[in-house]
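Just so we're on the same page: letters track the sequence lines, and every chain starts at 1.
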Amino acid sequence: MALFQGKKFLFLPNCRSSTLSFLSQLIRSNDGTVICDVEELDKQMITLINKSFIDKDQKLTNKELFLKEFEMDPDIVWSFILHERPACVEANCISEWLKIGKITLPPEFNVLIDEEDTTTGFHVINEHAGQSNKEASDRESSMESQSDTDIGSETSHKDSHESPFVQAASREESLDNPISETVANADLVDEENVSKNETLIKAFGRLARRYEIKGDQYRSKGYKLAKIGIERYPHEILSGEQARRDIASVGPGIAKKIQIILDTGSLPGLDESFDLEKKLNYFTQCHDVGIYSAKRWNLLGLQSFADVLKKFPEVFIRDWPILFGWSYYEDWLMKMCRDECDEILNVVRTTLKRVDPACSAELQGSYVRGAQECGDLDILFHKKGCDNTTELGRIMEKLALALYDQGYVECFLQLSPKIRQVFGSRIRERVRKCKLKIPSQEEYPPAVADLKKYFLGFKLKSEFKPRYLETSADKLIKLETDDRFMSLSSSSHPCRRVDFFCCKYSELGAARIQWTGPKEFNRWIRIKAVQKGMKLTQHGLYRGENILLESFDDKRIFELLGEEYVGPEDRNRMIKKRQKQS
DNA sequence: GCCG
DNA sequence: CAGTACG
DNA sequence: CGGCCGATACTG
């Protein structure tokens, strides 16, 4: 008890995120002080850094945003830290200390800032400094809050009563969901407990997939949400009833199945059509191949894209983007580290400056949610005062073409007339590559002139060496031998998916909500809107038929929906149902 | 499948 | 229109 | 029981 008595703590950049406000409550419950005013700054204090700003080398990242997010005057606070060098650790250490019952700072505990550079960042130390990256990241996710006996759970329950956002683990698993992400500030998870839920997670992932294939999208969704709920649940599940009580989206049906799995170790019939799922999965992992095509092909006994090519050559002429999905099949399943995202954004912004210096490019998607590995890059374009989407569309087109000229853009997945003009030859090259006859007079329908989105294949120059996290490096889905001949993938110089979106300046807030995601969060908040007689889209929040309530200010949209604002990094923690009280 |  | 894609 | 995201956006 009173572990933190007499100790002062400073949260940086602030303690507004749900995780950090939770931790600050833990500090106060243990007689510690949380500094809220520059007057209280103290050289003896322990500085707690939001983990979203610490990369896996334990360095500060995204310093610009970091400083911008300060609750107190950033100048004063930052110069104090540079000058006094208080101990700095990642915020999650709090839960670790409470678990082990003491505060452990590494011997060289105030080595924090590489003073010669305040721009590229400084080292943040924690107990695991010096361990290998793998070990460090394993331990990161294993940091635990309280076991459910003490202050921790009280506060957490009180919280969750008022908020649909649960202070729980964010731990997206990559087995069944290729779009999963590991989030920087994943914390408060007991790896040991959670790993025992793995069987359940896998089972419901499979069931979700099975029903998706069957065409029962809603039953599939039921399983998917339950799976997400279990992934985020920070304790070991001991009974179906416990899960039904505590976890959103676990109802009678899933509770029953949980109990069966706990009792017998597996679910009858679970492995039945596993082979079919694998086959369909192989096809649908290709861009532009959905569940209908995959099912159709599978039904006809086709095993590979080469088989499809023999049977339905027209498909690859008509749905030409599949050719690129096929060619970059393996590359596009590989995730990239944040530094590669930064580099791509850098290239895009540099070119954009020449195209239209007044236009802004802003990263969205899993990157802004703090994911350490991103499956693709989502870039939102907007321009102060510009509500003309035709103009924005033209800017994006010009930008994409300029990047194509420079050799960054490898392929386009949509065509404007101009893009078809320059890119058509590459399409024909792919068509020839799979030994198809090029239609002599291709009578294309009139391509749309001002597209609002561009999906691109993008390659950095080969000097850039991509890094991969250990976790994703293994068990990749690879192209079948028969299909390899079309591959353009290269793990040492991979092609990436980059998506361009644009929005009217007046719709910036609504667009940010849309493109920040994640998908489940969007669906959840849109349902909220409908329940309150409103409608939320990427264009804005509306009441009734067509009354615009708000589209520019995302915080105001939350407010109008009666929801507390939640930052991007916490939108992974979304959960549909309040945690039930016991 | 779950939820209201 | 259906199919696929985006968060 | 009926609804389950989007006045999505793009393609053929």
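- Looking at heavy-atom distances under 4.0 Å, A/Pro252 makes contact with sugar-phosphate atoms alone, never a base.
- In this structure, CG of A/Asp499 is placed 12 Å from P of C/dA5, rounded to the nearest angstrom.
- Across all strands, A/Gln414 comes closer than 4.0 Å only to sugar-phosphate atoms, never to a base (heavy-atom distances).
- Between A/Arg523 and the phosphate of D/dC5, there is a side-chain N or O to OP1/OP2 separation shorter than 4.0 Å.
- Checking C/dA5, C/dG3, C/dG7 against every side-chain atom of A/Asp288, the shortest atom distance belongs to C/dA5.
- Between A/Trp297 atom CH2 and C/dT4 atom P there is a gap of 9 Å when expressed in whole angstrom units.
- Closest approach to the A/Arg526 side chain among D/dA9, C/dG7, B/dG1 is made by C/dG7 (side chain taken as heavy atoms from C-beta onward).
- The closest donor-acceptor contact from the side chain of A/Ser551 to the backbone of A/Ser506 lies under 3.5 Å.
- At whole-Å resolution of the value, CG in A/Leu413 and C1' in D/dG12 are 16 Å apart.
- In this structure, A/Trp320 does not reach the D/dT11 phosphate: none of its side-chain N or O atoms is under 4.0 Å from OP1 or OP2.
- Between A/Leu415 atom CG and D/dG12 atom C1' the separation is 13 Å, expressed in whole Å.
- Closest to the side chain of A/Arg318, out of C/dC6, B/dG1, D/dG12, is D/dG12.
- At D/dT11, none of the side-chain N or O atoms of A/His287 fall inside 4.0 Å of OP1 or OP2 (strictly under the cut-off).
- Taking atom P in both B/dG4 and D/dC5, the straight-line distance is 14 Å, to the nearest Å.
- Checking the phosphate oxygens (OP1, OP2) of B/dG1, no side-chain nitrogen or oxygen of A/Tyr218 falls inside 4.0 Å.
- In this structure, A/Arg497 reaches the C/dC6 phosphate: one of its side-chain N or O atoms is under 4.0 Å from OP1 or OP2.
- For the pair A/Arg430 and A/Phe324, the cation-pi criterion (under 6.0 Å, within 45° of the ring axis) is not fulfilled.
- In this structure, A/Lys227 is not positioned above the aromatic face of A/Phe204 in the sense of NZ or CZ being under 6.0 Å from the six-membered ring centre and within 45° of the axis.
- For A/Asp378 and C/dA5, the CG to P distance is 15 Å, given to the nearest whole Å.
- Set against C/dG7, B/dC2, D/dC10, the side chain of A/Leu451 has D/dC10 as its closest nucleotide.
- One P atom belongs to C/dA5, the other to D/dC4, and the distance between them is 23 Å to the nearest Å.
- Closest to the side chain of A/Arg369, out of C/dG3, C/dG7, D/dG6, is C/dG7.
- Distances were taken from every side-chain heavy atom of A/Tyr292 (C-beta onward) to each of D/dG12, C/dG3, D/dA9; the shortest belongs to C/dG3.
- In this pair, A/Trp524 and A/Phe521 present their aromatic rings tilted. The plane angle is within the 30 to 60° band.
- Using a 4.0 Å heavy-atom distance criterion, A/Ile513 is classed as making no nucleic acid contact.
- Residue A/Asp319 contributes atom CG, which lies 7 Å from atom C1' of D/dG12 at whole-angstrom precision.
- Looking at heavy-atom distances under 4.0 Å, A/Thr516 makes contact with sugar-phosphate atoms alone, never a base.
- Phosphate contact (OP1/OP2 of D/dG3, side-chain N/O of A/Lys221, threshold under 4.0 Å): absent.
- Using cut-offs of 30° and 60° for the angle between ring planes, the A/Phe500 and A/Phe381 rings count as perpendicular.
- Ring pair A/His287/A/Trp332 is perpendicular by interplanar angle, where above 60° counts as perpendicular and below 30° as parallel.
- The shortest distance between the side-chain N/O atoms of A/Lys257 and the OP1/OP2 oxygens of B/dG1 is below 4.0 Å.
- Helical stems in DNA chain D, defined as runs of 3 or more consecutive Watson-Crick or G-U wobble pairs with both donor-acceptor distances under 3.5 Å, are listed by first residue as B:1-4 with D:1-4, C:1-5 with D:8-12.
- For A/Leu548 and D/dG6, the CG to C1' distance is 16 Å, given to the nearest whole Å.
- A/Tyr282 meets the ring-ring contact (aromatic ring centres under 6.0 Å, His included) test with A/Phe305, A/Tyr329; sequence neighbours excluded.
- Map A/Ser416 and A/Tyr542 each onto its nearest nucleotide of DNA chain D; the residue landing nearer the 5' end is A/Tyr542.
- A/Leu207 comes within 4.0 angstrom of no nucleic acid atom, judged by non-hydrogen atoms across all strands.
- A/Cys503 comes within 4.0 angstrom of no nucleic acid atom, judged by non-hydrogen atoms across all strands.
- Distance NZ (A/Lys224) to C1' (B/dG1): 12 Å, rounded to an integer number of Å.
- Summarising the geometry, atom CG belonging to A/Asn281 is positioned 9.5 Å from atom CD belonging to A/Glu212; distances are rounded to the nearest 0.5 Å.
- Between A/Tyr408 and A/Phe458, the two ring planes are parallel [angle under 30°; tilted spans 30° to 60°].
- Checking the phosphate oxygens (OP1, OP2) of B/dG1, no side-chain nitrogen or oxygen of A/Ser249 falls inside 4.0 Å.
- In terms of position on DNA chain D, the residue among A/Lys452 and A/Gly540 whose nearest nucleotide sits closer to the 5' end is A/Gly540.
- As judged by a 4.0 angstrom heavy-atom cut-off over every strand, A/Lys295 is placed among residues making no nucleic acid contact.
- When the options A/Lys279, A/Lys295, A/Arg209 are evaluated for a side-chain hydrogen bond (donor to acceptor under 3.5 Å, both in side chains) with A/Thr284, the one that passes is A/Arg209.
- Among the heavy atoms of the strands lying under 4.0 Å from A/Ile291 are primed sugar atoms or P, OP1, OP2 only; no base atom is included.
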